[in-house]
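To start, the structure under review is shown below, and the notes come after it.
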Amino acid sequence: MKLSSSERIYLLTLAQLLEEQKWVRQCDLAKRLQVSRPSVFRAVSRLEALGLINKEAGLLFLNETGEAAVKQQREAKKVLLAGLARLGITGEQAHAILESPDSFYQDCLISALCERLSLSS
């Protein structure tokens, strides 16, 4: 499943929050990502429509499909970080590139790295 940069960020942030605390609300995502509640509402609606998360009584949960997507995204991030390191881009700079909400540049970078490393995205 191909996710936009924004969808990846929201999904991975939700997963991280769920690892840190028992439950997550939309306002928790807004606070962590420093975005507005309407932005989170739209993103959560998209993730629900994609079948990655469930909402119950105002709380957000990853479903089985969402957990698989998180695992896939985390593995892809490891590969991409390794590829960036081979290009001399490491640390905060590499993480900033991968976590950028600017999907055009990020998707171009991902495609270029995957091509260079002979991997499919």
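For the numbers below, each heavy atom of this structure counts, side chains included, while hydrogens, waters and symmetry mates do not. Throughout, residue positions are numbered sequentially from 1 according to the sequence presented.
When the salt bridge (charged side-chain N to carboxylate O under 4.0 Å, His left out) test is applied to E20, the partners found at least two apart in sequence or on another chain are R32. Checked against side-chain contact (heavy atoms from CB on, under 4.5 Å), S39 has the following partners two or more places apart in sequence or in another chain: Y10, V35, S36, R42. Applying the side-chain contact (heavy atoms from CB on, under 4.5 Å) rule to I89 yields the partners L84, Q93, A94, I97; only residues at least two apart in sequence or on another chain are considered. Residues passing the side-chain contact (heavy atoms from CB on, under 4.5 Å) test with E92, sequence neighbours excluded: none.
Here D28 pairs with R25 in a salt bridge; the nearest charged N to carboxylate O distance falls below 4.0 Å.
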Taking distance alone, no hydrogens or angles, what donor-acceptor pairs closer than 3.5 Å link side-chain atoms of residues 73-80 to residues at least two apart or in another chain?
residue, atom, partner, partner atom, Å
R74, NH1, E19, OE2, 2.8
R74, NH2, E19, OE2, 3.0
K77, NZ, E99, OE2, 2.9

Could you tabulate the donor-acceptor pairs under 3.5 Å formed by side-chain atoms of residues 43-56, not counting sequence neighbours?
residue, atom, partner, partner atom, Å
S45, OG, F41, O, 2.9
R46, NH2, S6, OG, 3.4
N54, OD1, N63, ND2, 3.4

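Here the closest heavy-atom approach between residue L18 and residue F61 is recorded as CD1-CA, 4.3 Å.
Under a 3.5 Å cut-off, the side chain of E7 and the backbone N or O of S4 do form a donor-acceptor pair.
With rounding to the nearest 0.5 Å, the separation of CG in L11 from CD in Q72 is 10.5 Å.
Applying the salt bridge (Lys or Arg N to Asp or Glu O under 4.0 Å) test to residues at least two apart or on different chains, none of the pairs has a partner in residues 9-18.
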Could you go through the side chain to side chain contact (heavy atoms under 4.5 Å, CB included) check for V40 and L33 one step at a time?
CA-CA 9 Å; V40 172; L33 292 170; 5.6 Å; no
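Looking at heavy atoms from C-beta onward, L14 lies in side-chain contact with V24 at the 4.5 angstrom threshold.
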